[in-house]
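Some notes on the structure that comes next.
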Amino acid sequence: SWLWLWLPVDPEEAAGSLGLPDLRPLDILSEAVPARGMRVFQVQGVRGFQLSSSRPRALAFPASRLFIHCDRFPEEFSIIVPRRALRGPAKRNEYIFTLMLEESPGVLVGLRYVTLGARPRCSKQEKAQFWFNASRRGLYLCNGSTWLSMLEVQHRLDYVEEYQNLVTNSETMGIEVFSIPKVGLFAAMANRITPPGSAIYRWTDGKFVHYQNIPTYQAQSWKYFTIGKKIFLAVANFEQNERGQEFSVIYKWSRRKAKFVTYQRITTHSARDWEAFVIEGEAFLAVVNHREGNNHNIDSVIYRWNPRTGLFETNQTIPTSGAYDWEFFTIGPYSFLAVANTFNGTSTKIYSHIYIWLSGSFQLFQSILTFGAADWEVFHIGDRVFLAVANSHSYDSGMPAPSNFYAINSSIYELNITAQMFVKFQDLLTYSALDWEFFSVGDDSFLVVANSFDGFTFSVNSIIYRWQGYEGFVAAHHLPTVGCRDWEAFHTPEGSYLFYSSAKEPLSKVLKLKTT
Ligand SMILES: [Ca+2]
Ligand SMILES: [Ca+2]
Ligand SMILES: [Ca+2]
């Protein structure tokens with residue numbers, strides 16, 4: 001039997017243009033052709049080599065001709081084929097070489113050359129083919145349906161650049177970026193004033209473009225989640241509507257209308273945040289109730305999805321104090337839910353709690369002293385688990401006032417597996433911090449904080465911290481922000497971005513991460 005190796009070499013292009021970088025240019029053809037067991041064919045400008053598999057060693061040649069100063073030649077090695085187009089535009093899609101069985105159209109191994117443009121098709125036909133993405137410097141393998149990354153150059157964060165100034169309906173609290181499969185990337189903004197309420201934007205031609213308004217009542221945050229094929233978006237309303245009713249709303253994506261439509265209303269009390277999660281195959285939704293009238297010590301509620309009725313039903317209530325944020329996370333088989341407690345009526349120096357799911361309900365796992373906690377952010381670096389709290393305000397009616405209520409430490413805790421608890425890892429000075437967002441670029445990890453107020457002005461720098469191992473997080477970039485409320489990191493095929501909202505002006509900003 002025979003194997004065919006097709007090399008689309010232009011006969012006028014010297015065969016010597018096939019060579020090895022940083023090594024003596026080698027004419028592989030002249031090394032190989034004289035060997036027995038191979039024949040050369042030429043069909044319409046494409047040269048084919050017919051290799052005899054009955055004599056596989058017939059094509060061998062001494063390695064010393066290739067690696068002239070190498071004493072020990074590696075057992076396995078790759079041949080890299082740099083290909084130089086000498087003239088004319090290259091074809092958009094061609095094989096540099098293919099290996100196929102005689103009389104069979106199927107490609108056994110192929111090195112394909114695809115010029116700039118959209119990513120090539122990856123279907124059953126392309127299975128086992130490689131694609132080298134020159135712009136991202138990545139090598140991908142088609143598994144029959146998607147391109148798997150085999151090798152990607154690790155990018156490093158260089159700096160950020162202003163990318164889009166988004167004028168919003170009104171001041172914005174939380175931002176939720178999400179993508180609806182086969183529809184696109186969206187951002188839901190929790191805007192203060194009704195009408196017009198909050199806006200949803202769609203990423204169109206590389207920018208967020210207004211898509212849909214939804215009436216909300218001093219919206220604080222949005223949460224996107226799915227249950228099976230159903231797509232939902234829940235808003236936390238802080239205020240009553242025009243008729244004095246107070247509720248938060250779950251919206252469902254209507255494929256027919258291509259819009260979010262009202263699905264379920266849930267009575268809430270100055271709701272700040274929703275968290276969605278799944279435990280043992282069951283879907284849950286938790287709301288933080290901030291206060292009822294002047295009373296901050298009220299219950300926050302965890303709802304469970306009832307597949308029979310298709311509605312969320314109360315599953316558990318948890319006493320909270322001016323709660324601001326829920327954060328769900330899992331560690332191994334265990335599920336956790338952390339609440340950020342802000343104020344109990346007299347003090348912001350109060351405990352925020354971490355709960356663990358045990359035999360059907362959340363039970364107290366650990367309490368951590370916080371100062372007007374506004375956000376918990378869980379993240380992983382390697383196999384280490386961290387939990388960062390954003391402390392916004394240090395106030396205690398029974399204590400003398402500090403020199404500054406807002407310039408205080410926010411803290412990062414690390415899970416100590418042996419002690420089965422979170423232990424303080426690092427303090428970082430923040431200015432009424434309202435949010436932490438973790439993101440990574442290549443192998444590097446970052447945290448960005450939303451600093452909102454320093455006691456004098458809302459124009460304060462928010463800061464990107466870079467993980468530096470033993471040193472912990474070190475300030476790397478200062479970003480001028482105004483009343484910064486929320487950070488979101490997101491990615492598109494064109495790059496990575498940070499998005500932040502302002503609770504003090506109707507202007508949110510998208511920053512593009514520059515990488516090298
Ligand atoms: Ca949350
Ligand atoms: Ca956060
Ligand atoms: Ca955030």
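When a ligand or atom number is given, it counts from 1 through the structure's own listing order. In what follows, every heavy atom counts, from backbone to side chain, and hydrogens, waters and symmetry copies are set aside. Numbering starts at 1 and runs along the sequence shown. Computed from a predicted structure; not experimentally measured.
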If you consider just the N/O/S atoms, which atom of Asp325 is the closest one to the Ca ion (ligand 1)? OD1

Taking side chain as C-beta onward, heavy atoms only, is Arg255 less than 4.5 Å from Ile231? yes

Using a cut-off of strictly less than 3.0 Å, determine whether Glu275 has an N/O/S atom near the Ca ion (ligand 1). no

So what does the Asp486 OD1 - the Ca ion (ligand 3) - Asp435 OD2 angle come to, to 10°? 70°

Within Glu327, is some N, O or S atom less than 3.0 Å away from the Ca ion (ligand 1)? no

Short check: any N/O/S atom of Trp487 below 3.0 Å from the Ca ion (ligand 3)? yes

Distance check, rounded to the nearest 0.5 Å: Leu507 atom CG versus Thr481 atom OG1? 11.5 Å

So that I can check it, does any N, O or S atom in Phe328 come closer than 3.0 Å to the Ca ion (ligand 1)? no

Are Trp274 and Phe232 near enough that their ring centres are under 6.0 Å apart? no

Roughly, to 10 degrees, what angle do Asp273 atom OD2 and Trp326 atom O form around the Ca ion (ligand 1)? 80°

Taking atom types as modelled, find out whether Thr430 and Asn451 have a side-chain donor-acceptor pair closer than 3.5 angstrom. no

Is a side-chain donor or acceptor of Thr348 paired with a backbone partner of Phe343 at a separation under 3.5 angstrom? no

For Phe438, give me all partners under ring-ring contact (aromatic ring centres under 6.0 Å, His included), at least two apart in sequence or on another chain. Phe379

Under 3.0 Å from the Ca ion (ligand 3), can any N, O or S atom of Glu377 be found? no

Closer than 3.0 Å to the Ca ion (ligand 2): does that hold for any N, O or S atom in Trp436? yes

Atom CZ of Arg466 and atom CG of Leu157: how far apart are they, to the nearest 0.5 Å? 8.0 Å

Using 3.0 Å as the threshold, say whether any N, O or S atom from Asp375 sits that close to the Ca ion (ligand 3). no

